[in-house]
2 protein chains.
Amino acid sequence: MSGPEKPSRGRKVTSFDVARRAGVSRAAVSRAFTPNASVSPETREKVVKAAKELGYRVNYLARGLTTRRSDFVGVVAAGMDNPFRALQIEQITKSLVRRNFRPILLPADQGESADHVMDQLLHYNVSGVLVTSDAPPTALCAEFAAAGVPIVLINKADTIPSVDRVVSDTNAAGKLAAATLVEAGAKQLAVVAAPGPSYTARCRLQAFMGACYALDVEARVIPVEHNSYREGLAVAEALKGVDGVFCINDYMACGLIDGLRRLGGKVPDDVRVIGHDDIPQASWAAYELTTFRQPCDVQAEQAVSLLISRMDDPTTAERFEVTPVSLVRRATV
Amino acid sequence: MSGPEKPSRGRKVTSFDVARRAGVSRAAVSRAFTPNASVSPETREKVVKAAKELGYRVNYLARGLTTRRSDFVGVVAAGMDNPFRALQIEQITKSLVRRNFRPILLPADQGESADHVMDQLLHYNVSGVLVTSDAPPTALCAEFAAAGVPIVLINKADTIPSVDRVVSDTNAAGKLAAATLVEAGAKQLAVVAAPGPSYTARCRLQAFMGACYALDVEARVIPVEHNSYREGLAVAEALKGVDGVFCINDYMACGLIDGLRRLGGKVPDDVRVIGHDDIPQASWAAYELTTFRQPCDVQAEQAVSLLISRMDDPTTAERFEVTPVSLVRRATV
DNA sequence: CTGTTAGCGCGTTCAT
DNA sequence: ATGAACGCGCTAACAG
């Protein structure tokens, strides 16, 4: 007979059961499953054997109770309709899992939902929180930091004591966007973005306008409600006379391009368009969007690293890392 | 002075601290935070007050230790580049959170990674597992079921004892796709799909081919590696002579349309295209894709319901729920 | 290297 | 309705 002996007995097998079967103490069992613990190879073997026969697995929840740590990391995110957000989450969770953490994902719809949901996290002794959403207010983040929970923000604004951040290079993007459009012959520039919650969006907008001013070229701001496809589609009409536009993200840029074409406009002949994020759709043949690649994989790695280092030393001053963006030249400019 | 008194003392406040400050026993504190427990309103109030002052929160991990339950539910998913997957995950996590569970998200890349990662779940006493990926092998799922962990599969194949499933109506989709294409005047049909892991994809393919046979119209199967945009784009060349194609998902259909257009083909004049899933991009102006809407929100609700009901009664026979799909007529047919 | 003891933070009897 | 005592599954500290 092979395989676990009690495949589905009602009760869970505990370290006690394993200890008895292996003829050792419970501490020995514990040590057998603890890295760098001092156990003789033979006892370890006995334990492992007994454990396998019984189908035993260490209860990490109980372990966490005594070690006062948990492997859980909260990941709060909103706006998953934006493909970039989906990618971000994938990368973040992968980074986390790779380092042996368990990501608990909290969809933070705009509004107070975020508060309530994040609040729950405090009950689980999470060893950290990663925030990509625009939703969670500064106050809440500060509360976490004060509670001693490491927290790092991705592409968010607020500088909060003890809260680390990783942000893409908004300044470079804004300036280079302006320069690129001008260089391509655009005379009447515009930037479309929601004045709303997205921090990086606002920064890119400012950098863009600043650069336009420096270049002495006319530029205006076209506001929208959300930085989404639908808004991009709808806002195309408001672009009369504009021949070069910086769209604050690709998601909206796709809508903008579709909107321009629907109105009979030619891209890039009539209007040059440049986006941001380099979502998969940006490289789709229907768009061939020139855009800035934002490396969400390295951002994820950085964020997790920051988290870990703060877990090790919670007292360090808050850090701020900026990730470089790179222009991907395609067909829309 | 308002607000928590010990905002960031090193040690966590426990029920003991609250009990002492409120002048009651620890049991009283416990009961104050347990629904339907017998506590007098006054003691409850005292406890709540003291708790607030101290910034106390029940440790759910410790609670789970004695109640032998946890609020965690594993969510394993792969292929997040497909927008439909992203939506699915969003809906699932929202459903879970709404019912007061904590979704722990496991990105299951193809291959053995899934095994290892899911394996970890057993250490956390998860009270259930939701699987949307194509990756996890039957054996692993069975192991969970045997271990007494409720598990429900979304759009997956294998019928396993004690494992519930919710699947979209593949049969209806396949048949209706064929009928719709024929009705639109197509004479030479094709279905493009990967023979690979996706269960629903295979089913839709079969239903489609069956319907074509019944309708006495020529149809062939165009195989691809993955059901992705890139493959769709590349496979357009293989469609010489075809004037009506059922693409197994929208993600690939977008690629297919772009591929056809690149070759100078007109959609729907030369080739009618019909997809599946109704991802956001399907309604983008660049595509206007006729497709089947798969209601991943109700699927999520159903899956969670199944999970819960099995948690309540683990002995029920495995159930199989099919969710209806509906044809969304747009411009590609 | 090993076993013994003493908690981790909490829920639950069982008396009162 | 309330408190005392015990146990959940495990690890840390201390002997030996």
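In this structure, CG of A/D17 is placed 9 Å from P of D/dG9, rounded to the nearest angstrom. Straight-line distance from the NE2 atom of A/H123 to the C1' atom of C/dG9: 14 Å, rounded to whole Å. Per the geometry, CG belonging to B/N59 stands 14 Å off C1' belonging to D/dG9, to the nearest Å. Distance A/R63 CZ to D/dT11 P: 5 Å, rounded to the nearest Å. Rounded to whole Å, atom C1' of D/dG3 lies 13 Å from atom CZ of B/F16. Atom-to-atom, OH of A/Y60 to C1' of D/dC8 comes out at 19 Å; the value is rounded to the nearest Å. In this structure, CZ of A/R69 is placed 18 Å from P of C/dC8, rounded to the nearest angstrom. Straight-line distance from the CG atom of A/L61 to the C1' atom of D/dC8: 12 Å, rounded to whole Å.
Residue A/A27 is classed as a base contact, given a heavy-atom separation below 4.0 Å to a base. At the heavy-atom level, A/V29 lies nowhere under 4.0 Å from the strands shown.
Partner B/V129 forms a side-chain contact (heavy atoms from CB on, under 4.5 Å) with one of B/V75, B/L106, B/V76 and no other, that one being B/V76.
In this view, A/R31 satisfies the salt bridge (Lys or Arg N to Asp or Glu O under 4.0 Å) rule with no residue, not counting sequence neighbours. Taking the side chain to side chain contact (heavy atoms under 4.5 Å, CB included) definition, one finds that A/Q302 meets it with A/V166, A/V298, A/E321, A/T323, sequence neighbours left out. Partners of B/R102 under the salt bridge (Lys or Arg N to Asp or Glu O under 4.0 Å) rule, at least two apart in sequence or in another chain, do not exist in this structure.
The side chain of B/T14 lies closest to C/dG9 when the candidates are C/dG9, D/dT11, C/dT12.
Contact between the side-chain N/O atoms of B/Y56 and the OP1/OP2 oxygens of C/dC10 is found at a separation under 4.0 Å. Dashed line: the shortest gap from a side-chain N or O of B/R68 to OP1 or OP2 of D/dC8 is not under 4.0 Å.
Listed in residue order, the members of residues 30-49 of chain A having a heavy atom less than 4.0 Å from DNA chain C are A/R31, A/S38, A/V39, A/S40, A/T43.
Under the 4.0 Å criterion applied to side-chain N and carboxylate O atoms, A/E318 and A/R165 are not assigned as salt-bridge partners. Salt bridge annotation for B/E53-B/K49: present, with a cationic side-chain nitrogen under 4.0 angstrom from a carboxylate oxygen. Taking the charged nitrogens against the carboxylate oxygens, A/E301 and A/R98 do have a contact shorter than 4.0 Å, which makes a salt bridge.
Among residues at least two apart or in separate chains, ring-ring contact (aromatic ring centres under 6.0 Å, His included) pairs with a member in residues 39-68 of chain B are A/H123-B/Y60, A/Y124-B/Y60, B/F33-B/Y56.
Mapped onto DNA chain C by nearest heavy atom, B/V58 and A/S25 fall at different nucleotides, with A/S25 at the one closer to the 5' end.
In this structure, the side chain of A/D17 engages the main chain of A/T14 through a donor-acceptor pair within 3.5 Å.
For DNA chain C, if you chain together Watson-Crick or G-U pairs that step i with j, i+1 with j-1 and so on, the runs of at least three with distances under 3.5 Å are C:1-4 with D:13-16, C:6-16 with D:1-11.
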